[in-house]
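What follows is a single structure, written as structure tokens, with notes after it.
Positions are given from 1, in the same order as the sequence printed here.
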Amino acid sequence: DSNSAVMKAAVVVRPGAEDSIQLVKNRARPTYRDHEVLIQVKACALSNLDAKVLRGEVAPFTPAFPVVSGYEVSGVVRDRGSRVTNVEVGDDVVVMCPLDTPHGGLAEYTVQDAHNVIKKPELLSHEEAAATLLSGFQSYAAFHYACKLQANDVVLVCSGSFVSDTMHVQLAGALGAKVIVAAATTEEFNMYGDCGSHVVRIIDLNTESVHDGVMKETGGMGVDCVLDLQDYRMSASALGGSGDGGTDNGANEHDEDKTHERRRRRRRFGKGAQPDDDDNDDDEYDSDEAEDGEGGQDKHRDVDDDDHDHDETTAHSAKSRRRRWSQRRPHKSEYKTNVSDDKHNAAPTTGMRVAARARVSKSEIVSCLGVHGTWISCDPALQLDPPDSRQLFLRGASLAFLFPQCWLLAPRKQGRFMHIMKDMLEKVSAGTLSANVNDQTFSLDKIRQAFRCLHSSPSGRVVVRMH
């Protein structure tokens, strides 16, 4: 009987690193109910979401440890409940599993609600289908629902070190938009450089100002949409959890943000533009840069000179306010910006991801937006300082958050979710979009190596093949 057999599964026994994953060879095969489908998993793609589950950063949404992760699954229906009508036994199917599923895809079998299961196009392999799901759905949710992208719009993509495919750039191009990419490594330059003519500019984060590059490319008008895919470490406290398994070093991240801002300012205005009062410098610079754009250099110098003329009472009050705001700022990125000054002029590291990764600051993202632009963020604990909020207000801009799993957690969105999935798979099958699968796939026995590859190589989606 299929419901009483055992199976092999990769189980995360506790929050931590790759050594927290154990391969269990005699785990009980899950049972299914009337509205569920038993799927024999053929391929399961890994993403940043799996890494966050491994570290315990999404604990409020996942079952208690030990847990089986894996949320992008392609396989074959082996059995179904009595109320299931949309698939038959033997059908090739794909499914994007919700975060709260007790039966993840890193196992030989999984049980999922039939409403989340879609037939796989015949022309797609199981590996390609699994690698398409999350990145494709994320791109659709961003461009069709968050910002309603149109032809001739300009999109700025702030790439992240977990971004291992170009589905978002492909979809933007298919919609007729122009794409500007902010990248930091040689691999990213190569990956986005092969995307076609709709990628009009690739900005090197190590040597160029994103604001200047965007304004030159758009004639000073700014972009219609910023897709911010930079990596953010999700603490349990940010998601309403108890704090177990997450990290919260917001003060350190703020200090590193300020260091990056000072270095960027020295590159633009010279060493004389850095006063002794770091707190004063950063807040004044962020506010004035957003207001002045490219033409604000003289004003920045005037502000720096005037800062030393404040009386002690005013300076103390201003620093106290800024200290309170810095304590409220969340940590943002798991890759910390501590690149030394001489590395800003160096080419991106070849053959490996750099741990000290340059990134685009919040103030610079806001300064790149045009009138009625949209900033799409993946940061679950994003907080804006008053100058940044004011600049969003003056632009009539909006802020949207990208969390694809909310579609699976909200039953009212089920119809739209299914429509997006079907349309996306049809476009991939027709060749309009293409999945970027890593040259090296992994067996379930090599699950720890697969997670290490997830962290170290952006050359394609990491896929675990079961059979």
Side-chain angles (χ1 to χ4, degrees), residues 1-12 24 27-45 47 49-50 53 58-122 124 126 129-130 132-134 136-138 140-141 145 403-426 466-467:
D1 180 69
S2 61
N3 284 330
S4 61
V6 296
M7 66 176 184
K8 187 188 300 183
V11 181
V12 181
V24 179
R27 185 177 178 89
R29 187 178 300 177
T31 58
Y32 57 89
R33 293 173 290 181
D34 289 346
H35 62 281
E36 294 177 330
V37 178
L38 176 67
I39 301 172
Q40 183 182 11
V41 179
K42 295 295 185 179
C44 180
S47 69
L49 182 61
D50 295 279
V53 171
V58 288
F61 297 133
T62 58
F65 288 94
V67 64
V68 177
S69 66
Y71 303 97
E72 304 167 73
V73 174
S74 181
V76 181
V77 176
R78 292 307 180 198
D79 215 338
R80 62 175 188 169
S82 59
R83 293 164 54 188
V84 176
T85 59
N86 59 325
V87 293
E88 303 286 342
V89 174
D91 285 347
D92 289 338
V93 296
V94 295
V95 56
M96 198 161 80
C97 309
L99 264 175
D100 58 356
T101 180
H103 312 298
L106 290 177
E108 292 180 322
Y109 289 87
T110 183
V111 166
Q112 298 298 326
D113 194 305
H115 293 298
N116 295 332
V117 178
I118 302 173
K119 291 184 180 180
K120 179 183 74 67
E122 294 182 0
L124 288 183
H126 286 289
T132 297
L133 296 180
L134 184 59
F137 185 81
Q138 186 180 53
Y140 260 72
Y145 291 93
F403 183 47
Q405 281 286 332
C406 72
W407 290 72
L408 293 167
L409 299 171
R412 292 184 61 184
K413 298 294 184 180
Q414 184 66 30
R416 291 186 180 182
F417 168 76
M418 298 296 287
H419 170 75
I420 293 175
M421 295 288 286
K422 290 179 180 178
D423 189 37
M424 175 189 63
L425 290 171
E426 288 174 1
M466 303 300 161
H467 299 282

- request: Taking the side chain as every heavy atom from C-beta outward, state whether Val73 and Lys42 have any atom pair closer than 4.5 Å.
  value: no

query: How far apart are the closest heavy atoms of Arg78 and Val89, and which atoms are they?
result: O-CG1, 3.7 Å

query: Should His115 and Asn86 be marked as a side chain to side chain contact (heavy atoms under 4.5 Å, CB included) after you check the CA-CA gap, both sets of side-chain angles, and the distance that decides it?
result: CA-CA 8 Å; His115 293 298; Asn86 59 325; over 6 Å; no

Working for side chain to side chain contact (heavy atoms under 4.5 Å, CB included), residues Val87 and Val37: CA-CA 9 Å; Val87 293; Val37 178; 4.0 Å; yes

- line: What one should report as the nearest heavy-atom pair of Ala130 and Ala43 is CB-O, 3.9 Å

task: Supply the atom-to-atom distance Met466 CE to Glu108 CD, rounded to the nearest 0.5 angstrom.
output: 8.0 Å

message: Any non-hydrogen side-chain atom of Leu425 less than 4.5 Å from a side-chain atom of Lys120?
response: no

task: Could you grab the distance from atom CD of Glu72 to atom CG of Asp50, nearest 0.5 Å is fine?
output: 7.0 Å

query: What do the steps show when you test Tyr109 against Val41 for side chain to side chain contact (heavy atoms under 4.5 Å, CB included), and what is the final call?
result: CA-CA 5 Å; Tyr109 289 87; Val41 179; 5.8 Å; no

statement: Here the gap from Ser74 atom OG to Leu133 atom CG, rounded to the nearest 0.5 Å, amounts to 7.5 Å

Pairwise distance CZ(Phe137) to CD1(Ile420) - rounded to 0.5 angstrom: 4.5 Å

query: Are side-chain N/O atoms of Asp79 and Tyr32 paired as donor and acceptor at under 3.5 Å?
result: yes

task: Determine whether Val53 and Val67 make a side-chain contact, defined as any pair of heavy atoms from C-beta on separated by less than 4.5 Å.
output: yes

task: Report yes if some heavy atom in the side chain of Cys97 is under 4.5 Å from a heavy atom in the side chain of Gln112; otherwise report no.
output: yes

task: Taking only Lys NZ, Arg NE, NH1 and NH2, and the carboxylate oxygens of Asp or Glu, determine whether Glu88 and Arg80 approach each other closer than 4.0 Å.
output: yes

task: To the nearest 0.5 angstrom, please state how far the CG atom of Asp100 sits from the OG1 atom of Thr62.
output: 9.0 Å

field: Non-hydrogen atoms of Ile118 and Met418 that approach each other most closely
entry: CG1-CE, 3.5 Å

message: Is the distance between the ring centroids of Tyr145 and Tyr140 under 6.0 Å?
response: no

field: Shortest non-hydrogen separation from Pro98 to Asn116 and the atoms involved
entry: CD-ND2, 4.1 Å

Flag if over 12 foreign heavy atoms under 6.0 Å of NE2, His35: yes

query: With a 4.5 Å heavy-atom cut-off, do Lys119 and Asp92 have their side chains touching?
result: no

message: Quick check: closest heavy atoms across Leu106 and Gly70, and the distance to 0.1 Å?
response: CG-CA, 3.9 Å

- request: Answer whether the closest heavy-atom distance between the side chains of Ile39 and Val111 falls below 4.5 Å.
  value: no

- prompt: Looking at side-chain heavy atoms only, is the closest gap between Arg27 and Val6 below 4.5 Å?
  reply: no

task: Could you check Met96 against Trp407 for side chain to side chain contact (heavy atoms under 4.5 Å, CB included), going step by step and ending with a plain yes or no?
output: CA-CA 10 Å; Met96 198 161 80; Trp407 290 72; over 6 Å; no

query: Taking all non-hydrogen atoms of both residues, which atom of Val68 and which atom of Ala10 are closest, and how far apart?
result: CG1-O, 3.7 Å

message: Please check: side-chain N/O of Thr110 versus main-chain N/O of His103, any donor-acceptor pairing under 3.5 Å?
response: yes

message: Are Met7 and Pro30 packed together at the side-chain level, in the sense that at least one heavy-atom pair is separated by less than 4.5 angstrom?
response: yes

